[in-house]
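Given the structure is predicted, the values throughout are model-derived calculations rather than measurements.
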Amino acid sequence: MTETPQQSPQQIPRQSSEQPARIRPAQPADSAAIAQVHIRSREATMPYLPPRKRTDAEVEAWVRDIVLPGSAVWVAELDGRVVGYAAVEDDELDALYLLADVRRRGIGTLLLAAAKAHRPDGLGLFVFQKNTGARAFYLRHGFVVTAATDGSGNMEREPDLAMRWSPVTNGTRTVG
């Protein structure tokens with residue numbers, strides 16, 4: 001059984017005249033929007049991946065039937081539309097995706113903060129070696145590389161890195 005994600009929405013201001021982004025637990029009704037974020041983000045930021053084999057409807061079913069029931073999932077909303085999501089299964093960050101037009105606004109940082117708060121004892125992830133932007137993001141947020149693979153263990157067959165964030169062990173909790 002999966003724990004319910006942190007319930008309090010978090011907000012970050014955008015530019016002065018715009019409404020803030022909001023982070024909240026995902027609901028089943030978000031399945032289609034999460035699927036679109038997943039598809040569009042991967043296409044925009046990872047052009048080196050092989051062409052996808054699943055239809056939009058199949059990705060939406062995967063989100064609805066696999067991701068949401070098996071993970072703690074948060075969505076990022078701007079002006080009422082889902083623009084990003086993060087999913088944690090056990091102690092692994094399985095996904096953190098944003099639409100390309102909302103990157104570099106602090107939304108990924110808020111989604112990652114929700115994931116860290118959900119797993120305050122530590123969090124692991126895998127990132128493609130070619131995804132230099134994501135690698136830099138995770139390094140900035142305290143993750144360290146723990147292993148490199150040749151990609152034989154992932155469905156894309158793309159070399160990746162295992163990374164891990166662990167809180168400070170002197171009793172002081174980390175924020176970032």
Side-chain angles (χ1 to χ4, degrees), residues 1-16 18-31 33-42 44-46 63 66-128 131-146 160-176:
M1 177 165 222
T2 302
E3 298 172 32
T4 303
Q6 176 180 331
Q7 295 298 316
S8 61
Q10 298 177 3
Q11 295 187 357
I12 186 168
R14 294 191 323 188
Q15 296 172 4
S16 60
E18 299 175 324
Q19 293 296 313
R22 183 177 143 206
I23 306 301
R24 64 167 175 79
Q27 304 298 319
D30 296 317
S31 295
I34 292 169
Q36 283 305 303
V37 168
H38 187 86
I39 292 165
R40 290 173 53 200
S41 177
R42 285 174 63 101
T45 62
M46 295 178 261
V63 169
I66 306 295
V67 176
L68 289 176
S71 303
V73 183
W74 300 267
V75 294
E77 285 185 330
L78 283 177
D79 302 322
R81 85 180 165 122
V82 173
V83 297
Y85 84 101
V88 173
E89 183 178 355
D90 298 323
D91 71 342
E92 187 170 304
L93 181 65
D94 259 355
L96 197 161
Y97 290 94
L98 297 174
L99 295 177
D101 65 326
V102 301
R103 292 178 69 212
R104 304 211 187 318
R105 294 190 192 182
I107 298 168
T109 298
L110 283 178
L111 286 166
L112 184 58
K116 285 180 171 182
H118 183 70
R119 287 291 181 247
D121 292 332
L123 195 60
L125 61 83
F126 285 89
V127 62
F128 296 123
N131 195 343
T132 56
R135 288 171 47 194
F137 172 81
Y138 293 122
L139 288 169
R140 274 194 315 275
H141 289 283
F143 284 78
V144 295
V145 175
T146 58
D160 58 11
L161 299 173
M163 299 182 81
R164 180 120 192 117
W165 166 78
S166 297
V168 175
T169 57
N170 65 4
T172 303
R173 292 187 57 132
T174 59
V175 176

Practice task
Can you see which heavy atom on A162 is nearest to which on F126, and at what distance?
Solution key: CB-CE2, 3.6 Å
Practice task
First locate atom OG of S31, then atom NE2 of H38, and finally report the distance between them rounded to the nearest 0.5 Å.
Solution key: 13.0 Å
Exercise for the section: Name all residues meeting the side chain to side chain donor-acceptor pair (under 3.5 Å) criterion together with Y138; count only those two or more places apart in sequence or in a different chain, and write none if there are none. Expected result: none
Exercise for the section: Not counting sequence neighbours, which residues clear salt bridge (charged side-chain N to carboxylate O under 4.0 Å, His left out) with D90? List them please. Expected result: none
Could you pull out every donor-acceptor pair under 3.5 Å between side chains of residues 94-101 and any protein atom, sequence neighbours left out?
{"unit_1": "Y97", "atom_1": "OH", "unit_2": "R42", "atom_2": "NH1", "d": "3.2"}
{"unit_1": "D101", "atom_1": "OD2", "unit_2": "R81", "atom_2": "NH2", "d": "3.1"}

Handout entry: With R40 via salt bridge (charged side-chain N to carboxylate O under 4.0 Å, His left out) - residues at least two apart
Key = none
Problem - Considering all heavy atoms, the nearest I107-A76 contact - result: CG2-CB, 3.3 Å
Handout entry: From CA spacing to verdict: side-chain contact (heavy atoms from CB on, under 4.5 Å), I34, V67
Key = CA-CA 10 Å; I34 292 169; V67 176; 5.8 Å; no
Practice task
Indicate the atoms forming the closest heavy-atom contact of A26 with L68, along with that distance.
Solution key: CB-CD2, 3.7 Å
Problem - Minimum-distance pair of heavy atoms, taken over all atoms of A72 and H118 - result: CB-NE2, 3.4 Å
Fill in the blank from the handout: Residues passing the salt bridge (charged side-chain N to carboxylate O under 4.0 Å, His left out) test with E77, sequence neighbours excluded, are R22, R24
Handout entry: For A115, side-chain contact (heavy atoms from CB on, under 4.5 Å) partners two or more places apart
Key = W74, V88, L93, L123
Handout entry: Interatomic spacing from CZ in F143 to CZ in R164 - rounded to 0.5 Å
Key = 8.5 Å
Problem - Any donor-acceptor N/O pair, K116 side chain to H141 backbone, under 3.5 Å - result: yes
Handout entry: A87 to S71 - nearest heavy-atom pair and separation
Key = CB-CB, 4.3 Å
Exercise for the section: Could you tell me whether the side chain of M163 reaches within less than 4.5 Å of the side chain of L139, counting heavy atoms only? Expected result: yes
Exercise for the section: Mind checking the CZ-CG spacing from F137 to N131? Nearest 0.5 Å is all I need. Expected result: 11.5 Å
Fill in the blank from the handout: Taken in chain and number order and not counting sequence neighbours, the residues that satisfy salt bridge (charged side-chain N to carboxylate O under 4.0 Å, His left out) with R103 are none
Handout entry: Euclidean distance, Y85 OH relative to D30 CG, rounded to 0.5 Å
Key = 12.0 Å
Completion exercise
Heavy-atom closest pair (A33 atom, V82 atom, distance to 0.1 Å) is CB-CB, 3.7 Å
Exercise for the section: Just jot down the side-chain contact (heavy atoms from CB on, under 4.5 Å) partners of V144, sequence neighbours excluded, or say none. Expected result: T146
